[in-house]
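Quick notes on the structure that follows.
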2 protein chains.
Amino acid sequence: MTPHPAQPAIVLVRPQMGENIGAAARAMWNFGLDRMRVVAPRDGWPNPQAVAMASGAGRLLDEARPFGDLRGAIEDCHFTFATTARPRGMTKPVYTPQAAMEEARDRIARGERVGFIFGPERAGLENDDIAQASAIVSVPVNPDFPSLNLAQCVLLCAYEWRLATEEATPVSEGLVGTDRASAEDVARLVDHYEERLDQAGFFYPETKSDTMKRTFRNMWSRLPLTTADVHILHGVMRQMVRWKERGED
Amino acid sequence: MTPHPAQPAIVLVRPQMGENIGAAARAMWNFGLDRMRVVAPRDGWPNPQAVAMASGAGRLLDEARPFGDLRGAIEDCHFTFATTARPRGMTKPVYTPQAAMEEARDRIARGERVGFIFGPERAGLENDDIAQASAIVSVPVNPDFPSLNLAQCVLLCAYEWRLATEEATPVSEGLVGTDRASAEDVARLVDHYEERLDQAGFFYPETKSDTMKRTFRNMWSRLPLTTADVHILHGVMRQMVRWKERGED
């Protein structure tokens with residue numbers, strides 16, 4: 001058993017189906033969360049259906065702490081978020097999952113313990129549960145179809161935890177295992193094409209050839225070519241020249 | 001049939017289980033996406049299992065367009081994202097779901113059509129599929145447990161679409177149906193408490209009473225009280241006074 005990294009506890013309150021507990025464990029571990037607490041699970045604890053469903057995330061269930069009531073489950077927490085679909089009428093701050101996980105990250109960094117509380121599958125958290133939480137998290141679902149299940153709700157929160165704590169590059173070039181072509185690589189490629197296309201009469205009429213050549217060079221410079229692409233493109237032109245020189249149809 | 005709002009198409013390539021197609025439809029509609037395209041579904045089209053699973057999102061399946069191959073499914077798209085767990089070795093830009101949906105939103109705003117391509121449940125997209133896409137989306141999962149299913153992957157992308165297009169308030173006060181107490185409300189509350197606590201000998205010794213009163217007032221001013229809270233707190237103090245004045249134990 002490795003020591004838990006600093007992360008929020010995921011507290012499942014009165015969960016019903018073992019399958020959903022297992023699916024929640026998977027969703028947590030998909031994004032690196034592994035501290036589950038279970039309050040008064042309907043079918044007792046441990047739950048074989050939960051274990052069967054969790055497969056690769058079964059360790060979370062082995063290590064999950066069962067509690068008799070929510071109060072006991074969150075007694076060591078300094079800040080807790082209650083998840084609810086409809087935060088209407090509650091006198092509590094309402095966070096998006098993103099803002100909640102950023103808050104959790106910052107509080108944990110300051111040494112606090114943070115819990116995220118999820119209600120039973122059908123009804124969700126009761127008002128008496130929510131009254132014990134410091135704040136509310138609400139996923140901005142389509143109001144015409146707000147039917148997220150337990151594991152989906154856990155998944156979105158766990159995803160936001162990872163975004164809040166990982167340095168993800170929004171867009172990367174994806175040039176893994178290849179190299180971006182240098183300006184000189186591209187310039188030589190354009191020289192090669194330009195020379196052959198000149199021979200082939202491509203830049204015609206003469207009065208427009210300078211403009212055409214600039215446009216042509218500009219196009220190649222703008223494209224995100226790799227050295228492999230440049231290699232291929234040289235090959236294309238060489239092959240066309242060879243084909244021409246063979247003089248066949 | 002209402003006209004589709006401007007949004008990306010969700011393209012499912014060779015999906016296997018009808019249940020997963022239905023779950024993907026639900027995940028889309030949870031976040032307001034309703035344009036599905038289906039490429040070569042294993043069990044034909046329409047698929048009764050998909051319809052049964054989709055329940056409230058069944059309309060998406062009724063309106064989903066089936067295609068024989070991916071090329072046909074994306075032929076009208078100006079920009080396509082292929083979802084894949086492991087974008088290694090691909091010479092294509094790799095986006096996070098968030099960056100991808102922001103890109104999609106901006107392109108759609110400029111009049112482009114955008115598609116998100118999801119592979120079959122087990123194997124995911126093949127390299128020949130990915131080669132047809134403009135870019136890659138990769139969910140930043142836990143590398144030790146990257147097992148997202150189809151509907152979960154669709155869910156996270158649809159969630160990011162909603163975040164990219166909705167103005168969500170990261171944290172709202174949640175004081176729906178109540179009113180935040182004014183500074184004057186709080187000041188009068190503190191006056192009330194201070195007066196009675198003075199009578200009760202709370203601010204003792206005399207030499208420290210000014211500091212204690214400042215700390216006390218500061219505490220109340222810092223708390224996010226509503227007018228209802230203030231009302232309750234006045235009642236608490238009145239009741240304590242009444243209880244004292246009755247002279248009982």
Side-chain angles (χ1 to χ4, degrees), chain A residues 23 26-34 55-57 87-100 102-103 135-136 138-149 151-152 155-156 158-160 162-163 166 168-178 180 224-226 228-229, chain B residues 23 26-34 55-57 87-100 102-103 135-136 138-149 151-152 155-156 158-160 162-163 166 168-178 180 224-226 228-229:
Chain A
R26 292 178 64 88
M28 287 171 60
W29 190 226
N30 281 142
F31 294 105
L33 293 177
D34 63 2
S55 59
R88 291 190 249 287
M90 288 287 168
T91 308
K92 251 185 233 304
V94 180
Y95 287 69
T96 62
Q98 181 179 16
E102 288 168 357
E103 178 85 42
I136 287 171
S138 192
V139 179
V141 284
N142 177 2
D144 292 338
F145 194 63
S147 67
L148 290 183
N149 67 33
Q152 286 176 319
L155 184 84
L156 291 170
Y159 168 75
E160 287 289 5
R162 193 160 179 90
L163 294 190
E166 290 279 308
T169 309
V171 186
S172 64
E173 289 278 339
L175 302 184
V176 185
T178 65
R180 183 90 181 217
L225 297 174
T226 65
D229 297 336
Chain B
R26 293 178 63 88
M28 288 171 61
W29 189 227
N30 280 143
F31 293 106
L33 293 177
D34 64 2
S55 59
R88 292 187 249 288
M90 287 288 167
T91 308
K92 251 183 231 305
V94 181
Y95 287 68
T96 62
Q98 181 178 16
E102 288 168 358
E103 177 87 40
I136 286 172
S138 191
V139 178
V141 283
N142 176 2
D144 292 338
F145 193 63
S147 66
L148 290 184
N149 67 34
Q152 286 176 319
L155 184 83
L156 292 170
Y159 168 75
E160 287 290 3
R162 192 159 180 91
L163 293 191
E166 290 277 308
T169 310
V171 186
S172 64
E173 289 278 338
L175 303 184
V176 186
T178 66
R180 183 87 180 223
L225 298 173
T226 65
D229 297 335

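Values reported hereafter were calculated over all heavy atoms of this structure, with side chains retained and with hydrogens, waters and symmetry mates removed. Below, chain A is the first sequence line, B the second, and so on; all start at residue 1.
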Counting only heavy atoms closer than 4.5 Å, note whether B:Tyr159 contacts chain A via side chain, backbone, both or neither. side chain
For B:Ala100, is it the side chain, the backbone, both or neither that has a heavy atom under 4.5 Å from a heavy atom of chain A? neither
Of all the heavy-atom pairs spanning A:Gln98 and B:Leu163, show the shortest one and how long it is. OE1-CD1, 4.4 Å
Quick one: which of A:Ser147, A:Ala158, A:Ala151 has the most heavy-atom pairs under 4.5 Å with chain B, could you say? A:Ser147
At a 4.5 Å cut-off on heavy atoms, which part of A:Tyr95 comes close to chain B: side chain, backbone, both, or neither? both
Look up atom CG in A:Asn142 and atom CD in B:Glu166, then write down how far apart they are to the nearest 0.5 Å. 8.5 Å
Taking B:Glu103, B:Glu160, B:Glu102 one by one, which has the highest count of heavy-atom pairs under 4.5 Å against chain A? B:Glu160
Chain A contacts, top residue of B:Leu156, B:Asn30, B:Val139 (heavy-atom pairs, under 4.5 Å): B:Asn30
Closest approach of B:Pro143 and A:Arg162, non-hydrogen atoms and distance? CD-NH2, 3.3 Å
